[in-house]
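See structure below.
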Amino acid sequence: MSIPLAEPSALEEGALRVIPIGGLGEIGRNMTVFEYDGKLLIVDCGVLFPEEHQPGVDLILPDFEPIRDRLDDIVGVMLTHGHEDHIGAVPHLLRLKSDIPLIGSGLTLALVEAKLKEHRIKAFTLTVKEGEKEQVGPFNLEFVAVNHSIPDALAVAIRTPAGMVLATGDFKMDQLPLDGRITDLRAFSRLGEEGVDLFLVDSTNADVPGFTPTERSIGPVLDQVIGKAPRRVIVASFSSHIHRVQQVVDAAHAHGRRVAFLGRSMVRNMTIAEQLGYLKVPDGVLIDFKKARDLPDEKIVYMSTGSQGEPMAVLSRMANMDHAIEVSEGDTVILASSLIPGNENAVYRVIDGLTKLGANVVHKANARVHVSGHAAAGELIYCYNILKPKNVLPVHGEYRHLIANAKLAQDTGIAEENTIIASNGTVIDLKDGVARVAGQLDLGFVYVDGSTVGEITDADLKDRRILAEEGFISVIVVVDAGTGRIISGPEIHARGVAEDDSVFDDVTPKIVAALKEASGNGVRDTHALSQVVRRTIGRWVNQRLRRRPMIVPLVIEA
């Protein structure tokens with residue numbers, strides 16, 4: 001479902017404006033802007049990881065255009081938890097204005113500050129805990145503990161005279177969490193009694209029936225797999241999944257193995273988690289990667305990044321035999337993570353590559369080595385019944401997830417007109433308990449490609465895909481500036497077309513004839529002549545070779 005582009009109407013006095021900038025129709029780029037009385041509050045500021053049809057792209061950022069001219073109005077950025085899809089774009093936002101205050105739990109801010117240090121940005125931070133309230137400009141914020149696949153996650157209740165909004169962030173309702181910190185349903189109930197005017201709720205698992213299994217169910221499986229492994233064990237996970245790393249560390253210690261962290265983000269995040277007490281490592285278990293190579297194979301577990309098949313991450317490099325650790329017969333590789341939609345092909349390529357090298361690859365499809373960090377349908381229904389919100393805005397998910405979440409809300413009695421299926425850039429105004437769509441902004445993808453941010457366009461990515469899939473042909477012709485007569489060429493070179501250059505001998509006379517006809521008609525402009533060359537060889541290649549390569553003609557005057 002898409003809402004037609006429409007310039008938002010002016011914000012009424014006493015109304016709260018809500019604009020999802022990212023995270024709707026996608027898994028990632030989570031960012032929502034709240035506006036009241038001329039001030040802006042941002043909740044989350046994450047990145048989206050590229051898919052195969054976005055070659056060369058490192059990260060995808062939210063489109064900051066709606067707030068670019070209003071940076072001085074931003075009173076704070078509230079970060080619900082420390083996953084990249086919620087904090088990864090913070091450095092890019094603070095490059096626009098470095099003194100925007102960041103609000104979050106201790107672990108979340110520690111992970112953000114480590115990222116900002118790499119960008120040489122010193123942040124202004126406010127550390128908060130569940131149960132606390134803070135007045136930030138015109139917004140009164142109350143923080144609620146929620147359970148997720150990373151410690152210290154928070155939901156936030158945002159109170160203004162326009163009404164109360166509850167944003168869950170990412171959450172589930174694991175009743176036996178590893179750290180004993182459950183989603184605070186008593187606080188949810190209290191907020192429900194007060195009256196939730198708009199509920200922004202995680203949709204990732206809305207189409208999964210029942211309840212998400214408990215994290216504790218993973219421990220015995222990891223313990224069994226690691227205990228039976230004859231040689232080295234390599235476990236891949238998200239670099240911020242502290243609970244999963246804790247389970248791996250515990251299993252390794254129980255079987256007399258030591259653990260080495262691989263990957264810059266894994267080392268950085270786990271060092272922070274251990275220093276803050278969120279990761280508890282028995283003495284003598286951790287070992288530096290370089291020293292680990294001297295241990296017997298049956299005495300080591302490597303904890304790495306790359307569970308989503310990212311090309312430059314540790315696990316992909318192992319599969320491509322481009323890492324110091326060479327996977328071989330008898331090694332065990334565990335992919336202890338979910339499969340983010342869009343990454344399936346990349347992940348299965350890595351699994352296949354590791355299997356070819358002789359590894360026993362254990363993943364979610366053949367063993368319970370991961371459970372989701374998101375609430376399934378049963379948990380969401382439970383929340384709707386507790387909160388009884390007046391209006392619902394499903395967030396964080398592809399469109400099928402958003403629609404499934406809205407349907408759950410309607411099943412509990414919330415009217416269809418009060419469940420808003422929005423897109424990134426949909427402008428929603430809340431006043432007197434009524435939420436209405438006030439407009440639709442045109443937001444795009446902002447690509448990070450090496451050191452460039454926002455310079456790469458969709459047209460550039462289309463060119464890259466054509467180069468990758470169809471190949472490249474260049475044609476060089478030198479013509480007389482006065483007469484248009486060909487002096488040299490056409491000289492044709494092809495790359496990735498899977499044909500010898502001699503195949504183009506048949507089209508050379510056609511190009512010569514087309515240029516002669518154009519010059520006979522008085523065409524002298526080199527750009528126009530280049531287009532003649534492009535059309536001529538393009539038609540021929542399409543008919544003869546059934547290809548549509550990138551064609552770069554160059555006509556030079558002499």
* Flag the pair H396 / H401 as yes when their ring centroid distance falls below 6.0 Å, and as no otherwise. => no
* Does NZ belonging to K407 count more than 12 external heavy atoms closer than 6.0 Å? -> no
* Trace of the side chain to side chain donor-acceptor pair (under 3.5 Å) decision for D202 with T168 -> CA-CA 7 Å; D202 179 8; T168 64; 5.6 Å; no
* For H255, does the NE2 atom sit with more than 12 other heavy atoms under 6.0 Å from it, leaving out its own atoms? -> yes
* Would you say the side chains of D331 and Y302 form a donor-acceptor pair under 3.5 Å? -> no
* Asked: In terms of heavy-atom contacts, does CZ of F211 have more than 12 from other residues, nucleotides or ligands at under 6.0 Å?
  -> yes
* Does L24 reach the side chain of L402, with side-chain heavy atoms less than 4.5 Å apart? -> yes
* **Over 12 foreign heavy atoms within 6.0 Å of CD, E417** => yes
* Is the CZ atom of R186 crowded by more than 12 outside heavy atoms at less than 6.0 Å? -> no
* Structure fact -> Here the pair of heavy atoms bringing M266 nearest to F238 is CE-O, 3.9 Å
* Does a donor on one side chain sit under 3.5 Å from an acceptor on the other, for D44 and H86? -> yes
* Between D152, D179, N269, which is the residue that forms a side-chain hydrogen bond (donor to acceptor under 3.5 Å, both in side chains) with Y278? -> D152
* Asked: Considering the options I21, I60, V47, which one meets the side-chain contact (heavy atoms from CB on, under 4.5 Å) requirement together with R29?
  -> I60
* To do: Using only heavy-atom distances, determine whether the side chains of T214 and D174 contain a donor-acceptor pair under 3.5 Å.
  => yes
* Can the ring centroids of H363 and H370 be said to lie less than 6.0 angstrom from one another? -> no
* Which heavy atom in L166 sits nearest to a heavy atom in A155, and how many Å separate them? -> CD1-CB, 4.4 Å
* **Exercise: do T212 and E379 side chains pair donor with acceptor under 3.5 Å** => yes
* Asked: Any chance CD of E132 has more than 12 other-residue heavy atoms, nucleotides or ligands included, within less than 6.0 Å?
  -> yes
